[in-house]
2 protein chains.
Amino acid sequence: MPTIKDVALQAGVSATTVSRVLNNRGYLSEELKAKVYGAMKELNYRPNELARSLSRSKSNIIGLIIPHVSHPFFGELAGHIEDHAYRNGYKLLLCNSQLDKSKELDHIDMLRASRVDGIIMGSHTLEVEAYNQIHLPVVAFDRKLSDDIPYICSDNYKGGLLATTLLVDKGCRKLAHIGGHPHLNVLSLERYRAFQDIVEQRGIWHTSLHTDINGFNFHEYERLLEVLFQEHPDVDGIFASSDVIAAYALKACHESGRRVPEDIKIIGYDGISLRGLLTPSITTILQPIEAMGKLAVDLILEQVEGNSVVMEHVFPVELELGGTT
Amino acid sequence: MPTIKDVALQAGVSATTVSRVLNNRGYLSEELKAKVYGAMKELNYRPNELARSLSRSKSNIIGLIIPHVSHPFFGELAGHIEDHAYRNGYKLLLCNSQLDKSKELDHIDMLRASRVDGIIMGSHTLEVEAYNQIHLPVVAFDRKLSDDIPYICSDNYKGGLLATTLLVDKGCRKLAHIGGHPHLNVLSLERYRAFQDIVEQRGIWHTSLHTDINGFNFHEYERLLEVLFQEHPDVDGIFASSDVIAAYALKACHESGRRVPEDIKIIGYDGISLRGLLTPSITTILQPIEAMGKLAVDLILEQVEGNSVVMEHVFPVELELGGTT
DNA sequence: GCATGTATGTCAACCGGTTGACATACATCT
DNA sequence: AGATGTATGTCAACCGGTTGACATACATGC
C-alpha cells in the first residue's frame, strides 16, 4: 500500500503538504489540492488509519459487547448501532460475550488495548468494579453500573404493569412469569416487580421461572416451558420477559394442544421485528430499539467530545396488541 | 493510559526489555518477567494495539460486510464468525451494507484504510472489478468474484433439487418460487435453476417472484405474498429461497385461511435457528451456517499467513422436514 | 514602504510500540 | 583459555501519519 511519501513524490510536494491537504489545514490553492488528490487517485491511496489513530490518540472505533448477535433483540440493536456509528464516521468492533464472565472481561481488555473511543455494554455479567476501571466513555444497557456511567433502558416497571394488567383484565387467573435471573442486577427485573405488585394486589395466583433471557441457548426455553406445563398445567396467562421466550411459549402451547388466546394468553417484551412473523402475532411491550441504539452511540460521542451527559435514559414503552391475548 | 516507558520506569528496566518480555523474545529470566509483569499489573497497563499494529503492519482485525446483522441468517453467520475470530485472536469490524452500492464501497474503503487483515464479503452488490482492487485477503459468500477470491456456498443446486422434488412428490401441481433478483450474480440463483429444471422436466405449472432475499425490508415480503395469492390463488406449493420468506409465506397462508400443509405446502432455505420457533415448524434446506462461518475465518487466516487456499468451497445441504410439507 | 494575507516548503518531534545491531557480564563446558 | 549459552542493557531506525516552528515569496491594501 502506498504511503503519504509516495503520494508526495508523485505529486511533487512534501509529505507535510499532503497531510495538510488531507486534513484541510492552512492555506491551500485549488491547484495544489487537485494535484495532490490526483496523485492519491493514481496510486489508489488510502491514509493509514492506524497511523492516524496513533498520532491523534483517537481511533474512531466504538466497541460493542452484547450477549450474542444471533439473538434477535441484540442483532437488531447492533444493526442500529452500526448504522448510526457509520453515519457519524465511526467503526464498530463487535464482541459476543455469550454471557461468560471471562469472555466479557477479555473483550473489555481487548477493546481497551485497541484504544476504542468508547464501549457500549449490552452485556454486563461482571461486578461493578470491573466497569469502573475501564476509564473510557461507556454506556450501559439496562443496568446502572455506577454514578458516572450513563445507562439506557425502557420503562421496565411500566412495561411490566401494562403486560400484567392486560392479562388480568382479559380474565387470566393463574399467571406465570418467565424472566431473568434475579441475581443479575439488571433493570429488567423491574418488569417482574411490577408483575408481583399487580398479582399480589389483585390476589391472583402466580408463579415465576428464571432463565437467561438474553441467552442464545434456545433449547433451554423449551425445557423451561415443559417444566411449567408439567407442574402447573392450568396456567392461563404467561408474561415472558422477551419476545423470543414468548414465541417459545406460543409454540409449546400449540404442541400441547392449548388454544391461544382461548385457553391461555401470552404476552412478550421487546418488540423485535420478527414478532410479526408468528401466527398469531404476539402481543408484546414495544421498546424503541432503534432510538435506544442511536442514543447509545450519541452518548459515547458526547463523552468523547468531553461533554457531560445525563446519566439516566428511560424510554417509554408501548403495548402492542397481537393475537396471543 | 500508561505506555511502555512508564512500565519500564516502574520496573527499573528499559523499554526494549519490556517489549521483549511482552513478546517473549530472547533470553528472559523468571525474575525479570515477574518484575515486568508486576509493573504492568500495578499500572494496569495494556500495550497499545494501534502502535503494535502499525509497526507490525498487521492489525489482527477482520472486516465483515453483510447486508444487515438484523437479518436472522446474517446475524447467525456474524455470530459464528465473531466467535471463531475471537478464538484465533482476531477482532471483528462489522459493516452493514444494507445492499446499497455506495455504502458497500464506502465500507470496503474504510476497511482498507483501517488496515484490516482481510475482508469477508457477505454482501456483494458491486462489479467484480471493485473486489479485484481490494488487494487484501478476501473471502466471499455465495458468489464467485474472480479466479483468486475463494468463495463459500452451500450446494445450491442440490438444495433447489431437494426442495422442489419434495413439493412435487408430495403432490403439489401449481408451484411458486420466491428468490433473489436474477441480475445479482449470486450462486443462490442455482436454487432457481434446479427448480426450473424439475418443474419443466415434470411438466408442472410454475411461476416465480423475485426480491431481495437478503434484504431487511420485511414488509416487501408481505406485499409480495399478497400479489402472489391475488394473481394465483390456487398455488399449492411455495419454494422460498430463505426461511424468513418462508415464514412470511406461512403467515400469509394463515391469514388468508389456507391450511398448511393441507391446502398448500411451503419449504424454505437456510436453516436459521429461529425456524423451530414457528408453528408448524418450517420444512427447510439446512446450510451448515456455523461451519461456513468458521471456514470463512480460516480462509482469511490462511491467506494472511501466505498459504494458498482452495478457491471453491461447496457445503452439503440437508433436507429438514417440518410441519409445512 | 510596510503590514497583512495567501500559498508553499523544510525540519524535527511525536504517537507507542518493534526490532536489529552491538556491548557487556557471568556461568558452564571442553 | 576460549567457545558457547544465558541474561540484560543501550541506541537508533522504523511503522505512517500529524503538527508546530520557522522560512520564503508573491499579491494586495493603505
From CG of B/Asn60 across to C1' of C/dG17 the rounded distance in Å is 15 Å
- Please determine, by modelled atom types, if A/Ser19 and A/Thr16 share a side-chain donor-acceptor pair under 3.5 angstrom. no
Residue pair B/Ala51/A/Arg56 against DNA chain D: nearer the 5' end by closest nucleotide is B/Ala51
NZ of A/Lys294 to CD1 of A/Ile289, rounded to nearest 0.5 Å, is 16.0 Å
The side chain to side chain contact (heavy atoms under 4.5 Å, CB included) partners of A/Thr125 (sequence neighbours excluded) come to A/Leu99, A/Lys101, A/Glu104, A/Ser123
So, is B/Arg20 close to the C/dT18 phosphate, meaning a side-chain N or O under 4.0 Å from OP1 or OP2? no
Whole-Å distance, A/Lys58 NZ to C/dC14 P, equals 24 Å
Restricting to nitrogen or oxygen on both sides, can you table the protein-nucleotides 24-28 of chain D pairs closer than 3.5 Å?
none

A/Leu54 CG to D/dT18 P, in whole Å, measures 11 Å
Hits for side chain to side chain contact (heavy atoms under 4.5 Å, CB included) against A/Ser114, two or more places apart or cross-chain, chain-then-number order -> A/Leu93, A/Met110, A/Val116, B/Glu49, B/Lys91
Whole-Å distance, A/Lys5 NZ to C/dA12 P, equals 14 Å
Under 3.5 Å donor-acceptor pairs involving side-chain atoms of residues 303-310 of chain B, not counting sequence neighbours:
| from | atom 1 | to | atom 2 | distance (Å) |
| --- | --- | --- | --- | --- |
| B/Gln303 | NE2 | B/Val138 | O | 3.1 |
| B/Gln303 | NE2 | B/Leu299 | O | 3.2 |
| B/Asn307 | ND2 | B/Glu302 | OE1 | 2.7 |

OP1 or OP2 of C/dT18 sitting under 4.0 Å from any side-chain N/O of B/Asn23?
-> yes
Taken to the nearest whole Å, CG/B/Leu22 to C1'/C/dG16 is 11 Å
In short, salt bridge (Lys or Arg N to Asp or Glu O under 4.0 Å) pairs touching residues 108-124 of chain B with sequence neighbours left out are A/Arg46-B/Asp109, B/Lys58-B/Asp117
It should be established whether A/Tyr45 places a side-chain nitrogen or oxygen under 4.0 Å from OP1 or OP2 of nucleotide D/dG16. no
B/Phe74 meets the ring pair (Phe, Tyr, Trp, His ring centres under 6.0 Å) criterion, sequence neighbours left out, with B/His71
task = Might you confirm whether atom NZ of B/Lys5 has over 12 heavy atoms from other residues, nucleotides or ligands at distances under 6.0 Å?
result = no
Those residues at least two apart in sequence (or on a different chain) that pass ring pair (Phe, Tyr, Trp, His ring centres under 6.0 Å) with B/Tyr45 are none
A/Ile4 atom CD1 is separated from C/dG9 atom P, nearest whole Å, by 13 Å
- A/Arg52 side-chain N/O to D/dG17 phosphate OP1/OP2 under 4.0 Å: no
With distance as the sole criterion, is a donor-acceptor pair present between the side chains of B/Asp83 and A/His68 under 3.5 Å?
yes
To the nearest 10 degrees, the angle between the two end axes of the helix from C/dG1-D/dC30 to C/dT30-D/dA1 (five pairs per end) comes to 40°
By side chain to side chain contact (heavy atoms under 4.5 Å, CB included), A/Ser55 pairs with (sequence neighbours left out) none
For atom CD of B/Glu127, is the number of surrounding heavy atoms from other residues, nucleotides or ligands below 6.0 Å larger than 12? no
Within residues 25-39 of chain B, those residues having any heavy atom closer than 4.0 Å to DNA chain D are B/Tyr27, B/Leu28, B/Ser29, B/Leu32
The complete set of ring-ring contact (aromatic ring centres under 6.0 Å, His included) pairs with one or both residues in residues 87-129 of chain A, sequence neighbours excluded, reads A/His107-B/Tyr86
### Query
Under 6.0 Å from the CD atom of B/Gln10, do we count more than 12 heavy atoms belonging to anything else shown?
yes
Within residues 6-19 of chain A, the residues having a heavy atom closer than 4.0 Å to DNA chain D are A/Thr16, A/Ser19
